[in-house]
Each structure stands twice: as structure tokens, then as C-alpha cells.
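Below is one structure, written out as C-alpha cells; comments come after it.
Atoms considered below: every heavy atom in the structure, side chains included; atoms not considered: hydrogens, waters and symmetry mates. Numbered from 1 within each chain, the chains take letters A, B, ... in sequence-line order.
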There are 2 protein chains.
Amino acid sequence: MRVLLVEDDVILGEAIRDSVAAHGHGVDWVKRLDEAGLSLDTVAYDLVLLDLNLPDGFGLKFLKELRGKGSDVPVIIVTAQDQIGVRIEGLDSGADDYLVKPFDLDELTARLAAVARRYAGQPNPELDVGEARVDLTRKVARIGDKQIELTAREWAVLETLLRHRGAIVSKPDIEDSLYEFGAEVESNAVEVYVSRLRKKLGAKVIETVRGLGYRVAA
Amino acid sequence: MRVLLVEDDVILGEAIRDSVAAHGHGVDWVKRLDEAGLSLDTVAYDLVLLDLNLPDGFGLKFLKELRGKGSDVPVIIVTAQDQIGVRIEGLDSGADDYLVKPFDLDELTARLAAVARRYAGQPNPELDVGEARVDLTRKVARIGDKQIELTAREWAVLETLLRHRGAIVSKPDIEDSLYEFGAEVESNAVEVYVSRLRKKLGAKVIETVRGLGYRVAA
DNA sequence: TTTGCCACGTCAGTTTGCTGTCAGCTTGAT
DNA sequence: ATCAAGCTGACAGCAAACTGACGTGGCAAA
């Protein structure tokens, strides 16, 4: 399951991201509403965790506009405002649920599980990636009948590339999806993982765009 | 097949009764535990559907007493309490299966069909798990002729893994199936249960995917 | 009540294999 | 031809996972 986290607080954001990731879901973390809009336009998310107190705008307005555009992605509002009026307004604006800070992370994973249950009812989307077929949800990859084993980091890189399938993904972007914010990458780790993925999935699946990044053909 | 339905909610009770009847089974519907006791003393039922939240007593206690009297009629618990602790307790008390409200009626008929198969003398769907054969419905496992005894929590872990057979199941997901939300797991309990299952079922049945979780090969 | 038994959760010491790093090589642009 | 960018085999370190052992508590039999 792929989750978009919209949260400007670094401490809380990290905690939420780690918790969600530990449950095996992919997490994209943005800190502003305009970034959120961009991500939502390009990626099909299964759930949005939306903080209402963001520096660059009003979350509720954003949520209303999102619904106005016809999106029905489940949205859980996360906020410090526990006033009942805001809560009502949030649900009126199209939120599916409401979490008031500070909240227990278990509280969050419980809601997450509820959404995941709904999501699990859908057939698993298997993607063709070169010779291989991959299932990002179940973390299963195979070429023909042969099962391919990918490690955690390899899945992370592949997922990032596939999420922007057809587009060029820069190395720093991949690093950001691999490590926490501010992590020092003093090496060519991304190149190494691309190399490992190619060895497992076939040399042609990941294309190098010299000076810009990598791309998986759509 | 003759089914005893113990359910005080009229709406839900009617829905269940109609659904079961539509599948060609006979249904007796009682709304209190004392009635249920009476019916069980006089009629040989093939299956009991037991709501735990009844006005006149505790379903679990009733179930334990029933088992204490030597009855081995299959019992499926139907309840709104979706806390895992209750679920474990229910299975410990001698229930054969567990349905959490609100549930799909298809869900019910599927379990019903499993019981019906057993009733008809046909082999229950036994799963091959490595060297072992397990029957999740009857909670029976064996290797060759040798019966394997699994504890309640071992069954819970194995069931979770088999429900997602072929997919990688994260440790937090397994924990969620083991404990209620909010339960602090300050240890490596999941690892320990995996270890115990491997010792009983064979080392190769549960595969470790480092950093992601566990998997039972499809 | 006492006794014994067993499932459960915890811990510590050990094992495992992923991960990040580097060095030397290849490739592509100019 | 030259240089920068990218590729990949190898390897040590370390965090994740394994497992034997133990204390506790609940349940049942005596």
C-alpha cells in the first residue's frame, strides 16, 4: 500500500513515516501542500495522511479541492486542533477519519489497517518490468516461473523508479526514498543498487540517463 | 446440516438465518444462552454460530462449559469485538473459527462450507506446508502419521502467514494478529514463535526475508 | 488449597547476510 | 584522446534474526 504523508513537523513526520514503513507500506513524505498536489497528480496513492497546520496554506481548502476534482483517495486528517468544530468541518470536507495530536502511533496503525483491509480486497496489481513480473504489495518478483529474491533496499529503489515510471528519477531523489532526511550518502550506493537490480531483473529494465538519473520505460 | 444460531440482534439474526437457510441448511435461532443450552441438550447440531455479546451471560464461559461437557460440535464465534485478545481467548476456549462483525455474509457461508465438507465426510482442505499437512479449520497438523501439536499463538502466526501465502508479511502485521492494538511488544515474540513453528513444522516452511518480514512459499 | 504442568513473553549470546564503501574498470560526451 | 560519469566485484561491519533457557501466571487435577 502506498501512503502520502503531508506533515511539516520533522519529529512527528519521521515517527509516522517509520511506523507506517515498518508495516510494510511505501511512504512518500512531503512537507508542503503544493508538493502534495504534485505527488497526488503523478502517483496513485491508497491513503493520504494530511496535517492541517501547514506553512503554505489551509489543509481543509486543499482537501475540498481534491474532492472537487473527483479524487476518492481515503484521507485521514492529522492535526493538533482538537476543536470539535474543526473536526466536523474536516469530515464535511471529505476526510475519512480524524486523528488529534498527540496520538498513539497504535491509533494510527489501527486506522491504517482498516484502510489496508479494504485495499486487500482488490486484486494485486502485477507490473511487467522487462522480462519480470513484480507485485509491489506482496513484494514478489519472478521471471517466468523463477522467483526472484530482492532485498529491502532493492525493493525501495525499484518502487521509487516504478512510481515515476516513464519519468527520469534523479539519484538524489532515489537517495531520499532510501534514507531518512539528512542522511549522509558518501558513496555511490544508488549506483550499486541499480547494478544489483539489473543483475536480478535483467540489464535492460533500468535505463541510465547520463547526468540526470535513471528511468524505467513505461 | 442443522445449525444453531445464537444471536440477540434481530436484524443480523434474520440476515444470517436467511443466508444459511438459502444454502440448504436447517436453522434454529435462539436469542439467549439458556435457550441455546436447552436446544443443544435436545438436538444434535452440526454447527453452532455463537454471538459473544448476549444479554444473559458470557458466551465464552458458555462455550467452555459446553466443551467441558464433552461436546465437540463445531462452534463459530460471531462478535463485534475485534480485539485480538478476545479472539485468542475464543479459540482457546474451544471455538473452531471466528467472525468479526460487521462481516460479509459470503465470509460466513465460506466457513459454513468448510464445516459442511467435514460433515459430509469429505476431506477438509488440507494445506501442504513443507513436510506437514495442516487443516486451519480443524486446527490439526501432522507430518506423515505423526500429529503435531500447536498452541493458540502458534496457530495465529501460522494462519496469518498462510492467509497471505506467497507474500511477505511484515513483523508488525504478525504482531497485530497476535495482540490487540496498544499492546506493547517489547521483545522478539514474533521471532520466537517463528522459531517454535520451524522446530515443529520443519526449518524450511517459513522463510525469512531480512528487513521485510516472513513468507511461506506458495 | 496445593501441586504440577504448560503456554507465554523476555532475555542474552550467537549467527547471518544485507548494506555501504571503495577501487579499478567501462562507457559516453566533447 | 581526454575526462567525467557510471558500473561492478569484493569485503568488513553491523544490525537483524535465531534460539536455548528461564521466570511467571493461569489452569486443571488432586
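Rounded to an integer number of Å, the gap from B/Ile174 CD1 to D/dA17 C1' is 13 Å. If you measure from atom CD of A/Glu154 to atom C1' of C/dG17, you get 12 Å, rounded to the nearest angstrom. Distance, A/Leu178 CG to C/dT19 P: 9 Å, rounded to whole Å. Atoms CD (A/Glu191) and P (C/dT21) sit 12 Å apart, rounded to a whole Å. Here the P atom of nucleotide C/dC18 and the CD atom of A/Glu149 are 10 Å apart, to the nearest Å. The CG atom of A/Leu201 sits 13 Å away from the P atom of D/dT8 (whole-angstrom rounding).
Residue B/Asn188 places its side chain closer to C/dA12 than to any other of D/dG6, C/dT19, C/dA12. Across D/dT19, C/dT21, C/dA7, the shortest atom-to-atom separation from the side chain of B/Thr151 is found for C/dA7.
Residue B/Arg198 is in sugar-phosphate contact alone, with no base atom involved, counting any heavy-atom pair closer than 4.0 Å across all strands shown. Within the nucleic acid shown, A/Val192 comes within 4.0 Å of at least one base atom, counting heavy atoms only.
Side-chain atoms of A/Arg153 stay outside donor-acceptor range of the base of C/dG17, with no qualifying N/O pair under 3.5 Å.
Applying side-chain contact (heavy atoms from CB on, under 4.5 Å) to A/Leu12 and the options A/Asp9, A/Val10, A/Asp8 leaves one that passes, A/Asp9.
Phosphate proximity of C/dA7 to B/Tyr193: absent, as no side-chain N or O sits under 4.0 Å from OP1 or OP2. Contact between the side-chain N/O atoms of B/Lys199 and the OP1/OP2 oxygens of D/dG20 is found at a separation under 4.0 Å.
Within residues 208-218 of chain B, the residues having any heavy atom under 4.0 Å from DNA chain D are, by residue number, B/Thr208, B/Arg210, B/Gly211, B/Tyr214.
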